[in-house]
Structures are given as structure tokens and as C-alpha cells.
Number of protein chains: 2
Amino acid sequence: MRYSKEHKQQTHQRVIETASHAFREKGIDGVGLSNLMKQLGLTHGGFYDHFPNKEALVTEACTCAFEKSSEWLEHVASHYPGEEAIKILDSYLSQQHRDNPGDGCILPSLAGDMFRQPDPVRQVFTEGIKRYQNQLAQLLEGKTEDSQEQAIALLSAMVGCLTLARAVNDPMLSDEILKVGHNYFSKLLGLESRQS
Amino acid sequence: MRYSKEHKQQTHQRVIETASHAFREKGIDGVGLSNLMKQLGLTHGGFYDHFPNKEALVTEACTCAFEKSSEWLEHVASHYPGEEAIKILDSYLSQQHRDNPGDGCILPSLAGDMFRQPDPVRQVFTEGIKRYQNQLAQLLEGKTEDSQEQAIALLSAMVGCLTLARAVNDPMLSDEILKVGHNYFSKLLGLESRQS
DNA sequence: TGTACATCAGTGAACGCGCGTTCACTGATGTAC
DNA sequence: TGTACATCAGTGAACGCGCGTTCACTGATGTAC
């Protein structure tokens, strides 16, 4: 079949977005290219018209996931001026986020495997984390003097908290981890005094 | 070959301990049973004299890793009375720990994959995390009223911090993540005022 | 003390399976005349 | 407007590979006599 000029680009983008979701949900090794293409109504052979190999897809899919997080941060920044930080905590440490890894932040899903990945993928993560840090720092700016440091501490804490909340199979413990994390990490930001 | 009575038990234990290290270093899917047995000077066929399947090894190896963490906490508790919390942070967020995942805490290595694992493995993690929380809480007891909550918040934060420090391939950023995490999370514990 | 035998931890060939990757092919469509 | 052709996104059989798992076998050793 021959298609319009943008058709191949669209397919390329669809593969990336489907993969981005699937990787977060099932892990990188948990997603086979054959199954992935089938999800899109295509066959596995066509994959190599779009990417030289699986690793290239992984880097593009991770880039895409970080991009989504960046957009989310911008969205929060523009819609909740003055209470960005607490909104980020609310959303990041929500049951909704915990229960839908495929739609959420890539860090709790895949960061734990990063030190075992080839360098191009780690590179994408490194840049993604730096960008995350910068954007968070911007939102915290003015509230503290060391917003860059606060940003990376907050990101670390949120990632760990969501990771543990997902890991346990006891729903009550999981809920508690989210609740306690939300409570303590807002203290970390000095938000406690603002709220009370 | 026929051996002394304890010989099989010893082999069983050696498999578990080698696997426990290998899983943390290479991930569960990254460790093949054939290679694992070869590391021990055995052949892959013998594996099934010790375990019904790989999943059983995974649960035993994870249990073993949590046990090691528990011993480490006890060690800190008995050797640094009065400054347990800061010693835990020092050690957990150290370059040594970051650079040796195989010998370290299982959580930054494998917790991110747990929500994709079968239930028996998640069960081991759930119990391990509860035990971690209780032991940490005991060390914090007296310093705060809500030591259970503080314990799980601290654990979350440390796990996330080490995970990100390992994920990035920029050594300076990685060091900074550790340093900033150490700084901020000791604030979270109210240790800052104690030290200054 | 010496010999025959039972035990059983460990061996290694073989299995089916899904993986990433390759490649000769297809066939609908845009284009040239 | 109608026809022949070139394009190229997508097809699907085939590849080698490592995986988890099975199983008939081995052979050193403890034990019985």
C-alpha cells in the first residue's frame, strides 16, 4: 500500500507512543516487538522500516515518556499558580498514578533497571532527570534558595515512594505508604506551614 | 558422587546466595539458570534437585537479600547507639552502596520490577518492606512520636535517591544526588538540629 | 578388614518456546505520458 | 480521462539464540555383610 506523505511518520509516532506505554507497564524485556506491532495492527517485519533495532525504539520511547512528564509539569505550573508543589505531590503520589504505570512517570517504572541498560538509554534518562530537576526547581523557585537541590531531593523521594507503593501487594500498606510519603515530603518542602 | 549429610544443604544455600547477588546486579530476567549454576561449578540440570522452578529460587533469593539488610540494620543499631539514623543514611546513600548493587539493598535493584512479578515474589517483598519499616522505626523510636511513619518515609526517600543516583550516567550528577539526598533526608528526620 | 550394593547429588543431551533480526516479496497508490 | 509503471509501507516465512525445564544416566561414597 502507498499512503500520503505523513503516513509513515504517523506510524512511526504510533509505534513510539504504544511502546512508551508498554515499556512502563511491562518493562523493557517484557515487551516483544512482534506483540507490539500486532497491537498496532501491523506485522513484526515492518518494525525495521522504522527503527534500526529495539534499542533505538527504547531510547525514542523513553524520550517520549519524559516529554509527557515535562508537559505535565508545565500544565501544573500554568493551572495552579502558587500551589504548584502541593499539586505535584497530590498527583504524583495518588492511587491513580500508582495503579496506572503505563500512563505515568517513567522513573518508578524503569529507573531501577537503568544501571543495567546500554549507555544510549541511560543518556536519555540522565537528560530526562536533569530536565525534570530544572522544571521542578523553577516551580519551587522563590520559596527556597536552593531550589535545584530541593527539586532533586523531592524527585528522589517521590520516585521511591511510588516504587514501594507499587511493589507491595498489601493494599492497605500501599495506601499508607502514599499517604505518609505525601505528608512527610510536603514537610520537606516547607509546605506544611503554608497549609496549616 | 555421594557426600556428607550437610552437603546438599550447603549447595542449596550457595545457589541462593549467588542468585541473590546476581539478581540484584543483573536483574531477575538477566540471570539464566545455566550461567548461575556454572558460576558455582555445577551444571544446569542439577538446579531442579534444589528448586521446583526459577520462581522458587527468586523468592528464596529475595528473602535472603532482605535478611542481609535486616542484619545490617541490627549491626548499625548495636555499634552506633544514639546515632543510628545518621549512620544508616551515611551508609545507604554512599558511593560504595551505589557502585555495588549486588552487595546492597534489594529495593533499589528490584523493587521497580515488583509490580510485574508473580504474587509469591511480591509477598516476599511486602513482608521484607514491613520488616524494614519496623526495624527502622525501632531505631528512630524516642526521637519522634510517629516513628513507623517516619521509617517508611525515610525508606522511600533513600530507595528513590539511590535508584536515581544509579540510573544517571553522569558521575557528577550522581554524586550530587547522593549528597543532596543525604542532606535533605537528615532534615526530614530532624537530625540537622542534632548535628549543628 | 574386604567386597558388593544401594543411594542420590550432579550430569548433559534434548525439548519447545519466544525473542530480535533478516529478507524476498506484495500490492495499493501517486505519477508520468 | 485512461493506462502503464515506479514507489515503498507493510508482509510473513525463516534464521540463530538463549531461555526454563525434563529426564535417563553416572559414579563416588556410605553402609551392610
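Residue numbering restarts at 1 for every chain, and letters A, B, ... go by the order of the sequence lines.
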In whole Å, I'd like the distance from the [atom1] atom of [X] to the [atom2] atom of [N].
| X | N | atom1 | atom2 | value |
| --- | --- | --- | --- | --- |
| A/Lys54 | C/dG18 | NZ | P | 15 Å |
| B/His50 | D/dG20 | NE2 | C1' | 17 Å |
| A/His12 | D/dC8 | NE2 | P | 17 Å |
| B/Phe47 | D/dG20 | CZ | P | 8 Å |
| B/Asp29 | C/dG18 | CG | P | 15 Å |
| B/Met37 | C/dG10 | CE | C1' | 8 Å |
| A/Gln9 | D/dA9 | CD | P | 11 Å |
| A/Leu40 | D/dA9 | CG | C1' | 14 Å |

* Give a yes-or-no answer on whether the side chains of B/Ser20 and B/Arg24 include a donor-acceptor pair shorter than 3.5 Å. => yes
* **Distance-only side-chain donor-acceptor flag, A/Gln13 / A/Gln9, under 3.5 Å** => no
* 5' priority, DNA chain D, between A/Gly46 and B/Val31 [closest heavy atom] -> A/Gly46
Looking only at the side chain of [X] (C-beta and beyond, no hydrogens), which of the listed nucleotides [options] gets closest?
| X | options | answer |
| --- | --- | --- |
| B/Leu33 | D/dT11, C/dG10, D/dG20 | D/dG20 |
| B/His44 | D/dA13, D/dG10, C/dA13 | C/dA13 |
| A/Leu42 | D/dT11, C/dT11, C/dG10 | D/dT11 |
| B/Tyr48 | C/dG10, D/dG10, D/dG20 | D/dG20 |
| A/Asn53 | C/dT11, D/dA9, C/dT21 | C/dT21 |

* To do: Report the relative orientation of the aromatic rings in B/Tyr132 and B/Phe66; use parallel for angles under 30°, tilted for 30 to 60°, perpendicular for over 60°.
  => perpendicular
* Which dot-bracket string describes DNA chain C (Watson-Crick N1-N3 plus N6-O4 or O6-N4, or G-U N1-O2 and O6-N3, all under 3.5 Å; [ ] crossing; | other strand)? -> .||||||||||||||||||||||||||||||||
* **Of all pairs that satisfy ring pair (Phe, Tyr, Trp, His ring centres under 6.0 Å), the ones with a partner from residues 150-171 of chain A, not counting sequence neighbours** => none
* With respect to the phosphate group of D/dG10, does any side-chain polar atom (N or O) of A/Thr11 fall under 4.0 Å of OP1 or OP2? -> yes
* **Check: B/Phe125 and A/Asn169 side chains under 4.5 Å, non-hydrogen atoms** => no
* **Nearest atoms (heavy-atom pairs only) where A/His12 meets A/Phe51** => CE1-CE2, 3.3 Å
* Count the heavy atoms belonging to other residues, nucleotides or ligands that lie under 6.0 Å from NZ of B/Lys26, then report whether that count exceeds 12. => no
* Asked: When all nucleic acid strands are considered with a 4.0 Å heavy-atom cut-off, which category describes B/Gly45: base, sugar-phosphate, or nothing?
  -> base
